[in-house]
Amino acid sequence: MQEFVSFGLHVALIRQLAWLPRGYDLVPAGTVVTSAKLRSIMLAREESNGPAVLVRLGRHLAAKEQEPILTMLRHSATPAVITDRWRRLEGYSHARARSEFSITGKSMSIHRGVVRGQPPARVENLLLQGFLIGLLEAVGAENIDSTILPSHGPAIRVMRKGRINNKLDFTGRGLRFRINWNSFEPVSSSYPFLANMPGTAPAIGAQRPIVRQLFAILEQDIGRSWTIDEVAAALETSGRTLQRRLQQASSRFSDILRLVRVREACRLLCGTTLSVGEIGFWCGFTDNAHFSRDFRRLMAMPPSVYREASIGHAGLTRA
């Protein structure tokens with residue numbers, strides 16, 4: 001459950017318990033919610049209300065809460081971007097479970113594995129299934145069907161045409177499941193917010209037009225794991241042609257992507273009270289070490305020191 005304890009998601013999840021019978025009674029005031037504690041809370045919900053309640057809870061969390069990380073996930077342009085960001089979140093949170101995704105057409109298959117220890121509990125898998133359903137609906141998927149794929153026997157229906165099976169009952173962990181959708185119409189691919197740019201952030205400078213075009217595309221979705229082929233497609237050219245044009249401009253795609261991400265990190269460090277970890281994840285870095293290394297390379301100081309040096313001339317407001 002580490003991924004749901006990270007970056008304020010556990011607070012958001014606990015808030016969503018309000019619509020469940022006796023939801024808040026499970027979390028006494030002052031309780032420190034660890035991964036184990038959150039799992040026990042979810043287990044109590046399943047025991048008293050059945051497994052469908054966890055799917056509903058995850059779906060509601062994805063749709064209703066406004067934590068910055070959830071905002072980013074809901075602004076994914078496609079189902080593939082959702083899965084990319086969730087995998088990064090698992091790495092950032094050092095989750096012991098890992099999710100393998102396969103997307104074919106209008107279908108997403110998920111297999112929950114483990115890095116260390118025991119396989120993820122069924123409460124985690126049910127919560128994640130509902131969470132992914134909610135995110136897919138938020139980005140434009142419609143008429144969703146979802147099933148659990150047990151090792152033996154027929155598939156178990158969790159959702160049909162957007163309606164959760166209230167009589168859901170099964171044994172096992174639910175490590176494999178599939179989500180299908182009838183149609184997909186992107187809701188929004190725009191970047192959710194920008195903070196004010198501090199004067200000390202690295203500048204673009206007098207770059208060639210092709211570099212500025214790349215900046216404009218990458219800044220639309222900084223949290224995305226961009227490849228040069230994806231950017232080339234947005235520019236209606238090939239990856240090889242884009243690579244050649246960048247060489248002519250004495251630039252490299254990896255350097256431009258790093259600069260875009262560090263510039264945005266500078267904005268957020270100075271203009272918000274997001275944690276350094278949240279900012280690194282938001283800006284598309286794979287982990288804190290990657291974020292710190294790239295930030296130091298351009299700014300000659302770690303992100304935390306940059307924030308401290310900027311507090312004197314930039315007010316902080318929660319994003």
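FYI, the numbering just counts along the sequence from 1. When reading the values below, keep in mind they use all heavy atoms of this one structure, side chains included, and skip hydrogens, waters and symmetry mates.
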If we only count heavy atoms from C-beta on, is the [X] to [Y] side-chain gap below 4.5 Å?
X: R258; Y: L298; value: yes
X: V211; Y: I256; value: yes
X: L259; Y: F215; value: yes
X: R160; Y: N165; value: no

Expected output: side-chain [X] to main-chain [Y] donor-acceptor under 3.5 Å:
X: R122; Y: F170; result: yes
X: D145; Y: K161; result: yes
X: E230; Y: T227; result: yes
X: N182; Y: E142; result: no
X: E90; Y: S99; result: yes
X: S76; Y: T78; result: no
X: R59; Y: E137; result: no
X: N125; Y: A121; result: yes
X: R85; Y: M72; result: yes
X: H75; Y: T71; result: yes

Would you say the ring centroid of F131 lies under 6.0 angstrom from that of W86? yes

Got a sec: does the CZ of R252 have more than 12 other heavy atoms crowding it under 6.0 Å? no

Are more than 12 heavy atoms from other residues, nucleotides or ligands located less than 6.0 Å from atom CZ of R178? no

Which atom of [X] lies closest to which atom of [Y], heavy atoms considered:
X: P119; Y: V114; result: CA-CB, 4.1 Å
X: N288; Y: G277; result: OD1-CA, 3.6 Å
X: G174; Y: I148; result: CA-CG2, 3.9 Å
X: R88; Y: F285; result: NH1-O, 2.9 Å
X: Y92; Y: F291; result: OH-CB, 3.9 Å
X: S183; Y: K106; result: CA-NZ, 4.4 Å

Hydrophobic cluster membership, with links at side-chain heavy-atom distances under 4.5 Å among I/L/V/M/F/W/Y: are [X] and [Y] in one?
X: V123; Y: L61; result: yes
X: W226; Y: L89; result: yes
X: L136; Y: L149; result: no
X: I133; Y: V81; result: no
X: L175; Y: V158; result: no

Quick one: do M301 and R296 satisfy side chain to side chain contact (heavy atoms under 4.5 Å, CB included)? Show the steps, please. CA-CA 5 Å; M301 66 182 78; R296 282 174 177 265; 6.0 Å; no

Side chain to side chain contact (heavy atoms under 4.5 Å, CB included) between L132 and F101, worked out: CA-CA 11 Å; L132 291 172; F101 295 91; 3.9 Å; yes

If you measure from [atom1] on [X] to [atom2] on [Y], what distance do you get to the nearest 0.5 Å?
X: H111; Y: S109; atom1: NE2; atom2: OG; result: 11.0 Å
X: L269; Y: S275; atom1: CG; atom2: OG; result: 10.0 Å
X: L127; Y: Q129; atom1: CG; atom2: CD; result: 10.5 Å
X: L57; Y: R45; atom1: CG; atom2: CZ; result: 9.5 Å
X: M108; Y: I144; atom1: CE; atom2: CD1; result: 9.0 Å
X: T273; Y: E278; atom1: OG1; atom2: CD; result: 8.5 Å

Any chance you could lay out the side chain to side chain contact (heavy atoms under 4.5 Å, CB included) test for I222 and W282, step after step, and finish with the verdict? CA-CA 7 Å; I222 290 176; W282 184 281; 5.8 Å; no

Test side-chain hydrogen bond (donor to acceptor under 3.5 Å, both in side chains) applied to N49 and R56, step by step: CA-CA 11 Å; N49 298 90; R56 290 184 181 279; over 6 Å; no

Start with the C-alpha gap between S107 and T104, add the side-chain angles, then the distance that decides, and say whether side-chain hydrogen bond (donor to acceptor under 3.5 Å, both in side chains) holds. CA-CA 5 Å; S107 178; T104 304; over 6 Å; no

Report the C-alpha distance between S238 and T241 in whole Å, list the side-chain angles of each, state the deciding distance to 0.1 Å, and finish with yes or no for side chain to side chain contact (heavy atoms under 4.5 Å, CB included). CA-CA 5 Å; S238 68; T241 298; 2.8 Å; yes

Taking side-chain contact (heavy atoms from CB on, under 4.5 Å) as the criterion, tell me which of L218, L214, I217 meets it with V260. L218

Kindly determine whether E264 and R267 satisfy salt bridge (Lys or Arg N to Asp or Glu O under 4.0 Å), including the steps that lead there. CA-CA 5 Å; E264 179 61 13; R267 287 186 175 109; 2.7 Å; yes

Taking only Lys NZ, Arg NE, NH1 and NH2, and the carboxylate oxygens of Asp or Glu, determine whether R74 and E67 approach each other closer than 4.0 Å. no

Determine, for R112 against E124, whether the closest basic-nitrogen to carboxylate-oxygen distance falls under 4.0 angstrom. yes

